[in-house]
Structures are given as C-alpha cells and as structure tokens.
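Computed from a predicted model, the values in this text were never measured in an experiment. Every chain is numbered from 1 and lettered A, B, ... according to where its sequence line falls, protein lines coming before strand lines.
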Amino acid sequence: MAVSWPWSIKGTDPVEYLDDVYRYSRARLGSREDAEDIAMEVVQSLPASCKRRDLRIYMIGIARRKIADRLRRIRRTVEISENGKGTRFDHLSDEAMQVEQVLALLTEDQREALTLKYVVGMSTEEVAVALAKSQAAVDSLLQRGRASFAREWDALLCEQVIS
Amino acid sequence: MNEREVSEKLESYSQAIGGSSRRPTRHRSKRPWMVLVPIGAIAVCGFLLVSWPRYAAAATLRRFGDALTSAKSFEGNMYFLNEKGKWDHWLRTCHVPGRWRIERYVPANLQEQWIYKDDIAIAEFNSIQRAVIRPRDAEPNPFLSEGEPIDIIKSQLLMAKDDDSTLKIEDAADVDGNAVYKVSYKKPNRRVELIVSRKSDLPITADSWFDSPKQHAHWDYRFNVDFPKETFEVTKAYQVIDLRLTVPAFLASHSTPLASQSGWGVLDACLTDDGAIWIAARSNPGKTVETMPASFVGAKNVTYAAPVSFQTSIAKNDPICIYGYFPVDPTELSLKTCSMTLSHFTPGKPVPGHSDQVYASQVIPDGGILHIALRREHSILPKYFETLGLETWLRELAFYKSENRANALASKGRMAEAGKIYEQIASTSTSQFASYYTWREQAIRCYDAAHDKVDADRLRAELAAHR
C-alpha cells in the first residue's frame, strides 16, 4: 500500500553523485566548463548530509532546471560560430564529439531519456521518476530515442563521407 | 547502426567525458555532538534481550507459519486511516482453495469485485454495471501473484525472521474474550504489529505504520471461514462481456489489416469526437519480435501527446494493443488518414552491471511509413472499448491523457498550461501518498518557468504544510 518515499534516516553526501550530475550536464550542454559549473552549483546547494533516498534523481532534477535556465539564456545571446556549432576547448575524441552532435539533433525528450539512461547510468525506473513519466512512457521514449539516434548517426556519417 | 550499438556508443561517451575535475570544499561543523544514553535504557534493552531467547521467537514464528499454511480459508478486510483521521474501508478479500474474491471500495468511483475460480477471472464494475469474463491466465489480471493467496498472506505477515533484532513477541490484552499475543517488528520506514490468537496461532489483526509519507493500514482477519456459496459467484445482474467470445469475434471481423509491417497489423483506426485517433493493432501470435509505434502524424500542424496505450487478450503474449493519440489542442474532425512508423525489437541479453535488459532492434526497411485510413467514430471512445473489456482502463485513461498532455505542453514551452494540468493531477491524491508531492513539485517547476510566482508559492506553501 505504501509508496516508497525518498527520505532515509542516514544522510548521504551529495558529492557522491557529483560525477553523475557532471556527466548528465556535459551531455546536455556539450561544454566541460559549463557542466562542471552546474555540477558544483547542484552539490553546493545541498547540505553535506542529505537524507533523501532518491538523492541522485533529485540532484539530476536540480541540474535539469539549471540547464534549462542556462539554455534559455544561451539561446537569447549566443553568437553563431562557424558551421553553427559551438566552440570546443576540451579534448574529446572524434567519436565522443560525434555523439554530442547527434544528441543535439534529437528531440528534447529523447535526448533527456537517453542521457539519463546511458550517460548517467540510471535504470528505466529511475529515469521515469526523474522525468515524471510512467515507465511505459519512458520505455517508448527510449525506444524512439535509440531509433532516432541510429538514424541521425548514419546520416551524419554519410554526410561526412560525402563531404 | 542498430540499437545495441547506440547504447554502446552512449556508454563509451559517458566514459570518455569522465567525471568532474572540481570538487567542492566542505566546511564541516566542528560542533561536537554528545549523545546521552540513559542508563535505564541500556538496562531495559538488556532485560528485553534476556526475556525472549531466540528459540522462543523461532518456535512461535514456526507455529504461526504452520497455522497459516493449514488454514482452509480466510477473509481479510483492509482499512486505511485517511487525512481526516477516519478509517476508509479499502479492500475485502476471501479465499478458499482454487477460488478468490477481492472487493475494492476505493476510490469511490471505481468500486469493483474480482472473482477468480476454475480457469476464469470475472471482474464486476459497479460504476458502469458491467461484468467482464476473461481466462484466468490472460492479461491484465490484477491482484494475481505467483502462488496461492495464503502464501502471499504468509509472506507478508512473516516478513520478520527469528533473527530479526527488532522482533518482539509479548503478551497482549484479550480480544473478544480470546487470549492473544502480539508479534511486532520494524523494517525501514515501517513498523508492523500482529495480534495472534493463542489458541489457533492465527492472526486476528495486523497494523502497519509507515513513516514517510505517514500512513496507517489495518487488517482484520478471519480464518477457516465457511463462506456462502454466492461469495464466489456472479450475483449482480450486470451486462456480461465474455472476452472468450468477443475477442475472437473482433479478430474475425478485422481479419484483414488496414496496414501492416513485419507481422504487426492495424486492425482498426478511428477518429473520435474529441479529435483523438485510436489505433487497434496486433502482432502475429507467437512472434518473438516486439513492436511499438515510433512516430505518429495525424492532422497537419497538430501536436499530439505521447499515446495512451492499453491491451486486452484471452491468451498470454497475444494481446490486442490499443493506442490513443490525443491532440494537445482542439483540432478539426475531418481528418481521413494518419501515418506512423514502427520500431521492432527482440529482447536482448542482460548487460553485465545493468539491471535492465538491453534491446537490440531490427532496422525498419525502406518505405517503413504506415499510411492508415481512418473511420469516423461519433463518440468519445471507440465502441470496441466495451466489447473488448477495456473499460477497466477508464480511470487510467483520464490520468495518462492528462499527464501526456501536460508533458507535451511543457516540451513546447507552454509552462503555465502544463502547470495547471499537473496541479489538477496532484489534486486527485492525498498527502499520505508520494504522488501528492511529486505532481505538485512538477507543477511548481512549470509555474517557476512561467514566472508565475503566485501559483508556485501557493503550492510550495501547501507542500511545506505537510512536511
């Protein structure tokens, strides 16, 4: 009858999930610096001993809101650089950069779901909680996301070969 | 690229981006904590440890378990303490070997009875005065779990083991002139007390208290009950829908799919009065490939929310799947066709380190768009909802419609509208359930995004009052 509630008796240091938040933010923003800023803001907004049982999902939720705010600001002020892509100062492999390019082509929902599932490493159930969707909806979203990713990846490789 | 490769690419990407190079500096409080343990408490704990040595607890639990297993029948009534401090009667369950009756009383607008006997399950829905008969092993059949109901009760009542340090077995005041003892134990977020008859070693009552959110559930039990014959019979003069007849009839009258792909066929497609498009589909029975709709296009320039989906069947792994696509905004009702693409996948092997299975997909061949002609249904729901026993899902339909519409609005940046819907969903729950909080939190996020401070602060105050 009772539904699992997030509060636990023993506290957890949010730093434990810093890297998960960083990876999520990195996949969403494409910038190491911005992702580290977000991850630090999230961790420092919480007490050193957090008594939430779903702390990781909760922290991802805070990161989502901060990223949404940041993206709104970026859209209003960004200068389009060469080829419409942002400047990258970090050193990612070519393939990792391609993954970021393809993720950027997906719908917001699909990008979110794939990022939480595969980049952060959440279970489908955790993704459902983080996105406030039913598990069936998340399954469907992941399915569509994977299919879209595959299509866009193949298209990107074709463009690269042709160009 | 197939879908397994997608997950591998994303996981490689996750490893490539690694972790944050920055770590926060923590200024930990240097205030010392001093915990005072009363000497008396230590003495009491010591006394309690001595009072019931382990063998007594083990023997009692064994007698308890044996008595439950030997019971020939039982009746249980479940009550839930509501926000106003009153007991709501939620469930009544009756069991004899091979037969089971469950009555559900809450929510008040979904009172129903389920009877399981022989090889059938009968569901009676009081609000629509309908009874639906389906084979017992078809889906969906709620309340069914593995094993006989008495095993389920036993596993629930015997969550404490004899080496559980929180387990206490002690005397209790007589109940209706019967000598009893009390079994109590604690689990994370939960405390349980059972009152058990000394004569029969069978429980009379069970109470569970949950910490967050605060809930109190109570069960009354009777065992070895002689139930009247009518307990496991259909007694209400409701219209009967026998899925063993109506499902084959539906399939026979829809034997030629409107559109199909890789063994997945659209049996019916209609447009209803609210602009929704309903697709009824079936995969070839016995196929190991699972298929789901991927993309959907209805009326031009109309956004559709993610579909609500249900299923009905009379055999395992052979469902008729129903998908309802609702427009986010009202739309014109002269639409003649819709189109969709599908994703096909086969269950893959578990990936080490992941609790979920990873699915591999089959690539959809070129020309993978299904164009589907729509018929016009002059009502809110397709008529087959009744004949296929889908009215079971009407409460869930309302919920998923709202949730999916809100999600679609939020994804389009229409945050104020999305917030109102999330808040409306939240209003269906009480503070004893986590959904009371999660939907309000969702609404607050939308109101914040819409710069609606008034509504956001109002909901924050509501949440704060219950925390």
Side-chain angles (χ1 to χ4, degrees), chain A residues 1-9 13 15 18-19 21-23 26-27 32 35-36 39-40 43-44 48 61 65 68 92-93 95-96 99-100 103 107-109 114-115 117-121 123-124 129 131-134 136-137 139-141 143-151 153-154 157, chain B residues 1-3 5-7 9-14 16-24 26 28-29 78 80 90 188-190 208 210-213 215 217 292-295 306-307 309 341 343 345 354-356 359 361 363-364 400 403-404 407 411 422 433-435 438-439 441-442 445 448-449:
Chain A
M1 172 60 61
V3 189
S4 174
W5 186 245
W7 313 105
S8 69
I9 294 170
D13 190 337
V15 168
L18 174 71
D19 287 339
V21 176
Y22 164 76
R23 275 193 290 273
R26 178 64 196 265
R32 172 173 275 273
E36 288 188 335
M40 291 294 284
V43 166
Q44 288 175 331
R65 291 194 286 283
L92 273 189
S93 67
E95 183 171 284
V99 168
E100 286 185 353
L103 281 174
T107 65
E108 182 79 13
D109 274 358
L114 290 180
T115 302
K117 172 80 177 171
Y118 296 112
V119 181
V120 179
S123 67
T124 310
V129 172
L131 299 182
K133 289 182 189 299
S134 67
D139 283 336
S140 173
L141 201 50
Q143 185 65 32
R144 292 199 301 275
R146 286 191 293 261
S148 297
F149 188 101
R151 244 189 335 267
W153 181 272
D154 290 341
L157 287 186
Chain B
M1 166 182 272
N2 65 38
E3 288 193 6
E5 287 169 331
V6 169
S7 58
K9 284 272 183 270
L10 289 167
E11 283 156 12
S12 296
Y13 169 72
S14 177
I17 57 176
S20 174
S21 60
R22 291 158 60 183
R23 284 291 183 271
R26 289 271 194 227
R28 298 203 178 270
S29 168
M78 187 256 190
F80 200 72
W90 274 59
N189 194 39
R190 186 180 184 181
S208 286
F210 299 89
D211 296 330
S212 277
Q215 297 177 345
M292 286 179 64
S295 65
S309 62
T341 59
S343 286
F345 56 98
H354 290 258
S355 57
D356 296 336
Y359 292 96
S361 76
V363 176
I364 299 169
Y400 286 125
E403 182 195 12
N404 292 356
N407 292 345
S411 70
Y422 288 130
F433 298 97
S435 52
T438 51
W439 289 115
E441 284 167 358
Q442 191 76 346
R445 285 194 276 276
D448 282 341

Roughly how far, to the nearest 0.5 Å, is the CG atom of Leu103(A) from the NZ atom of Lys9(B)?
12.5 Å
Turns out that what part of Ala147(A) lies under 4.5 Å from chain B's heavy atoms comes down to both
Rounded distance [0.5 Å steps], OG in Ser14(B) versus CZ in Arg23(A):
4.5 Å
Using 0.5 Å steps for rounding, measure from the CD atom of Glu100(A) to the CD1 atom of Ile17(B).
7.0 Å
Closest approach of Arg146(A) to Val6(B) (non-hydrogen atoms, all atoms of both residues)
O-CG2, 3.6 Å
For Arg445(B) and Arg65(A), which heavy atoms make the closest approach, and how far apart are they?
CD-NH1, 3.0 Å
Structural part of Leu141(A) lying under 4.5 Å from a heavy atom of chain B
neither
Side chain / backbone / both / neither for Tyr400(B) at chain A, heavy atoms under 4.5 Å:
side chain
Looking only at heavy atoms, the pair that brings Val119(A) and Leu10(B) closest together is CG2-O, 4.1 Å
Using non-hydrogen atoms and a 4.5 Å limit, figure out which bit of Ala35(A) sits close to chain B: side chain, backbone, both or neither.
neither
Quick check on the interface: out of Ala27(A), Ala137(A), Ala136(A), Ala39(A), who has the most heavy-atom pairs with chain B under 4.5 Å?
Ala27(A)
CG (Asn407(B)) and CG (Leu131(A)) are apart, to the nearest 0.5 Å, by 8.5 Å
